[in-house]
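These notes concern the structure reproduced below.
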Amino acid sequence: MNTTLLNRRMAFGVGAAALGFAVAPLQAAEPESCEKVRFAEVGWTDITATTALTTEVLEALGYETRIDTVSVPIAYSGMKNDDFDVFLGNWMPSMASISDPYVEDGSVDRLGANLEGAKYTLAVPRYVHDAGVTSVADLAEHAEKFDGNIHGIEAGNDGNQLIQDMIDDDAFGLGDWSLVDSSEAGMLAELSARTPEQTWMVFLGWEPHPMNTNYDMAYLSGADDYFGPNLGGATVYTNTRGGYAEECGNVGTLLENLEFTLTMENQLMGQISDQGEDPREAARDYLQANPAVLETWLEGVTTREGEPGLPAVKEALDIES
């Protein structure tokens, strides 16, 4: 090879390397519209906790965030209408009737699972279970003790709808029972008021949640046709408005990487609901005490400006490298 040609090829190689170095950060660049990440949050302490963790990380990466607390139906219609970008609380299979139509028409994307091993079904205080009410099939014969009521959470919630479906179907002889719409806080306040006197109550229970340690409670078997097998065994998925993870690829990578655990969520939920700690402060405390989770979450993620994400987040959260 002659010297002139060799020099030209070397020069081209150096130039291409330099260009690659200049272009690489731009691969993480996103449209201006991606600068603010808009979360739908539905007032459940577990989703409050996971949303707080995610917004702490996003803001440390240089993004703005907004959180609006809405009902589940509004969360989905809002993603379809471009009012929200992200919802971290798609409990499946119980939420299938609400979420599946949006996923099927492409207006909402169901990304990866962010929590495995959850549960979601009807529950009673332990003293009721010990008295022989171990299955939903046992409820009807004790209707008077329960006042014919099943206590749910906020109106429009998927769990409430499953309860109403049981009533409408006259499943387990519950056709003349009533669903009590309330809220997570209202339902648990009612449970707190009843347990000292051992008054009977059947309610919507789930894990992760501090209720599992704050109350001596038991889940009822037999509702598989409504809540799914294994006591409403559930997987929680991250949802976004349709196409968001492609449009905002860097945020999309973070969302795909997110994985929470029952232990993590139970701890955070206890700090928020029992100790009254601000969700964002509880999230920051958790990340400072457990920085290893960031290594998985931030794999392949950059700052808004295209710099390496992990060191930037550790610096912003005062975490020693």
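We use all heavy atoms of the structure for the numbers below, so side chains are in, but hydrogens, waters and symmetry mates are not.
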Side-chain heavy atoms of [X] within contact of [Y], under 4.5 Å:
{"X": "F146", "Y": "V133", "result": "yes"}
{"X": "Y244", "Y": "D82", "result": "no"}
{"X": "L262", "Y": "L115", "result": "yes"}
{"X": "M92", "Y": "R110", "result": "yes"}
{"X": "L88", "Y": "V86", "result": "yes"}
{"X": "L53", "Y": "L287", "result": "yes"}
{"X": "E35", "Y": "E32", "result": "yes"}
{"X": "L61", "Y": "V313", "result": "yes"}

Do the side chains of [X] and [Y] join up, straight or via other hydrophobic residues, at under 4.5 Å, putting them in one cluster?
{"X": "F203", "Y": "V180", "answer": "no"}
{"X": "I272", "Y": "V293", "answer": "no"}
{"X": "W44", "Y": "M269", "answer": "no"}
{"X": "F39", "Y": "V57", "answer": "yes"}

Audit row: R241, E247, salt bridge (Lys or Arg N to Asp or Glu O under 4.0 Å) steps and yes/no | CA-CA 10 Å; R241 61 178 171 83; E247 175 188 339; 3.1 Å; yes
Taking all non-hydrogen atoms of both residues, which atom of [X] and which atom of [Y] are closest, and how far apart?
{"X": "A316", "Y": "A60", "result": "CB-CB, 3.6 Å"}
{"X": "A245", "Y": "T240", "result": "N-OG1, 4.4 Å"}
{"X": "S273", "Y": "P210", "result": "OG-CG, 3.5 Å"}
{"X": "A312", "Y": "T303", "result": "CB-CG2, 3.4 Å"}
{"X": "G205", "Y": "M211", "result": "CA-SD, 3.9 Å"}
{"X": "G222", "Y": "S135", "result": "CA-OG, 4.1 Å"}

Ignoring hydrogens and geometry, is there a side-chain-to-backbone donor-acceptor pair from [X] to [Y] under 3.5 Å?
{"X": "D85", "Y": "R38", "answer": "yes"}
{"X": "E30", "Y": "V251", "answer": "yes"}
{"X": "E41", "Y": "G43", "answer": "yes"}
{"X": "T51", "Y": "T48", "answer": "no"}
{"X": "S183", "Y": "G186", "answer": "yes"}
{"X": "N160", "Y": "I153", "answer": "yes"}
{"X": "N212", "Y": "H209", "answer": "yes"}
{"X": "N250", "Y": "T302", "answer": "yes"}
{"X": "T65", "Y": "V37", "answer": "no"}
{"X": "E184", "Y": "T45", "answer": "yes"}

Test side-chain hydrogen bond (donor to acceptor under 3.5 Å, both in side chains) on D216 and Y127 and set out the steps.
-> CA-CA 8 Å; D216 191 6; Y127 53 83; over 6 Å; no
In this structure, are over 12 heavy atoms from other groups packed under 6.0 Å from [X] atom [atom1]?
{"X": "E320", "atom1": "CD", "answer": "no"}
{"X": "E315", "atom1": "CD", "answer": "no"}
{"X": "E299", "atom1": "CD", "answer": "no"}
{"X": "E144", "atom1": "CD", "answer": "no"}

Report the distance from atom [atom1] of [X] to atom [atom2] of [Y], rounding to the nearest 0.5 Å.
{"X": "I74", "Y": "D83", "atom1": "CD1", "atom2": "CG", "answer": "9.0 Å"}
{"X": "M79", "Y": "N239", "atom1": "CE", "atom2": "CG", "answer": "5.0 Å"}
{"X": "N114", "Y": "L255", "atom1": "CG", "atom2": "CG", "answer": "9.5 Å"}
{"X": "S94", "Y": "D158", "atom1": "OG", "atom2": "CG", "answer": "4.0 Å"}
{"X": "I150", "Y": "M201", "atom1": "CD1", "atom2": "CE", "answer": "11.0 Å"}
{"X": "D168", "Y": "D165", "atom1": "CG", "atom2": "CG", "answer": "6.5 Å"}

Given the rule in the side-chain contact (heavy atoms from CB on, under 4.5 Å) test, do I319 and L294 qualify, once you have shown the distances and angles that lead to the verdict?
-> CA-CA 11 Å; I319 297 171; L294 294 171; 3.8 Å; yes
Enumerate the residue pairs fulfilling disulfide bond (SG atoms under 2.5 Å apart) with a member in residues 243-290, sequence neighbours excluded, ordered by first and then second residue.
->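 Passing the test, one end in residues 243-290: C34-C248.
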N157-Q161 side chain donor-acceptor pair, cut-off 3.5 Å |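 Not at all, the side chains of N157 and Q161 share no donor-acceptor pair under 3.5 Å.
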Any side-chain donor-acceptor pair under 3.5 Å between S192 and Y215?
->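 On atom types as modelled, these side chains qualify, holding a pair under 3.5 Å.
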Trace of the salt bridge (Lys or Arg N to Asp or Glu O under 4.0 Å) decision for R280 with E59 = CA-CA 11 Å; R280 291 291 295 272; E59 291 189 8; 2.9 Å; yes
Between Y76 and F84, is a side-chain contact (heavy atoms from CB on, under 4.5 Å) present by the stated rule, with each step listed?
-> CA-CA 9 Å; Y76 280 93; F84 305 120; over 6 Å; no
Quick one: do N90 and S99 satisfy side-chain contact (heavy atoms from CB on, under 4.5 Å)? Show the steps, please.
-> CA-CA 8 Å; N90 179 204; S99 62; 3.3 Å; yes
For residues 252-271, which residue pairs qualify under side chain to side chain donor-acceptor pair (under 3.5 Å), counting only residues two or more places apart or in two chains?
->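 Side chain to side chain donor-acceptor pair (under 3.5 Å) check on residues 252-271 returns Q271-E277.
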Please determine if K119 forms a cation-pi arrangement with Y219, meaning its NZ or CZ atom is less than 6.0 Å from the six-membered ring centre and no more than 45° off the ring axis.
->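 Yes; both conditions hold, so K119 lies above the ring face of Y219.
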Mind checking what makes side-chain contact (heavy atoms from CB on, under 4.5 Å) contact with S107, not counting sequence neighbours?
->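 With neighbours one apart ignored, the set is K80, Y102, D105.
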Give the intermediate values and the outcome of side-chain contact (heavy atoms from CB on, under 4.5 Å) for residues D46 and F260.
-> CA-CA 10 Å; D46 58 323; F260 310 113; over 6 Å; no
W91 ring center within less than 6.0 Å of F227 ring center =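 Ring centroids of F227 and W91 are no less than 6.0 Å from each other.
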